[in-house]
Amino acid sequence: MEIARRNLVRWFSGRRLVRAEADDTRIFRGAELRHFTELSGRLESLVRRGKYLLFAFEGGRGLLGHLGMTGKFVRRTEGQGEPYSRARFHLDDGHVLHFSDARMFGRLEPAPAAQLRELDVVKALGRDPLADGLTAGQLEKAVAPSRQPLKVALMDQARITGLGNIHAAEALFRAGIHPSREPASLSPDEWKRLVGAIRATIDFGLKEQEGEEPVYLEEGRSENPFLVYGRAGGPCSRCGTPVESFTQAGRTTHFCPKCQPRSGVHASKPRAGKR
DNA sequence: ACCGCTGTTCTCCG
DNA sequence: TCGGAGAACAGCGG
């Protein structure tokens, strides 16, 4: 999402939106299409909060954007097609920015720019490690109260925002902490390692995609760039032990059983009032 | 050809 | 309230 933001800022820089048009799909979340097609002019600001983008256009109009699973912004030239293009920004330099999204889990919801931060889904977001900074203490305060397994708690956008399934697994691997650990059981040193690992995971992801057009995991890459995600059955990149996977809250979690030992894991479901 | 997976929320139940 | 299951949707690989 941060790469998408940087691309959009660059593409819009010094240019004007001369025409916005789109297909009427669920990405507009029921809003009237004219609220989108009325957008025009300069992009005055583009702020990212977690996985959301807050667009502010000249004239006070705005958009709340989210890529969902398969959404992406791509730049094409006028007249050039783009598969699964759902909405298009025509710029005054002959380029067209497409919001392309096969599964349409993404969102491009028109709203007055001044109100974007007040939308419920935005207000509900926790601290953003990249935009706000994150200390070990802040991470602990946000995540330790969760009764969920640690990886699930890290993906809870109301605690800290921005981590999805891949980055949560990658951060836990870097920190050497098992994804099923009970958040309240982490030591001060583990919180410190985890916050550093989150930062390293984000930095790695940014560096990895720097200057690239948005790509899917499988496109344009011969090889999985992640340390543990998607490597089930294969050797751990650090110790060679076979990587394992299991399901947490409906998502697949990958981890190395040796680098991320099971000590301190949830017994199962901790019951209140145990002694 | 079918089945089971997929960088994400959101709602509906128990 | 919290947490799990299923839904929204379409493609891809085994």
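FYI, side chains are in, hydrogens and waters are out, and symmetry mates aren't considered; it's all heavy atoms of this structure. Just so you know, these numbers come straight off a predicted model, no measurement behind them. Per chain, numbering begins at 1; letters A, B, ... match sequence-line order.
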Looking at the base of dT9(B), is there any donor atom on it, or on the side chain of Arg107(A), that sits under 3.5 Å from an acceptor on the other one? no

Between dC9(C), dG3(C), dT6(B), spot the one nearest the side chain of Phe105(A), thanks. dC9(C)

By nearest nucleotide on DNA chain B, pick out whichever of Arg103(A) and Lys51(A) is the more 5' one. Arg103(A)

May I ask you to check if Arg174(A) and Phe204(A) form a cation-pi contact, with NZ or CZ under 6.0 angstrom from the six-membered ring centre and within 45° of the axis? yes

Name the nucleic acid region contacted by Val121(A), choosing base, sugar-phosphate or nothing; use a 4.0 angstrom heavy-atom cut-off, strictly under. sugar-phosphate

State the pairing partner of dG7(B); accept Watson-Crick or G-U wobble contacts with both distances under 3.5 Å, and report none otherwise. none

Closest nucleotide among dG4(C), dG7(B), dT9(B) to the Gln148(A) side chain: dG4(C)

Close aromatic pair by centroid cut-off 6.0 Å: His98(A) and Phe73(A): no

Just by distance, do the side chain of Gln80(A) and the backbone of Arg76(A) share a donor-acceptor pair under 3.5 Å? no

Ring-face cation contact, Phe173(A) with Arg238(A), 6.0 Å cut, 45° max: yes

For the C1' atoms, the ones on dG7(B) and on dG3(C), what distance do you get once it is rounded to whole angstrom? 23 Å

Per atom distances to the Met104(A) side chain, the nearest of dG11(C), dT6(B), dA10(C) is dA10(C)

Between dG3(C), dT8(B), dC9(C), spot the one nearest the side chain of His66(A), thanks. dT8(B)

By nearest atom, which of the nucleotides dA8(C), dT8(B), dG3(C) is closest to the Arg26(A) side chain? dA8(C)

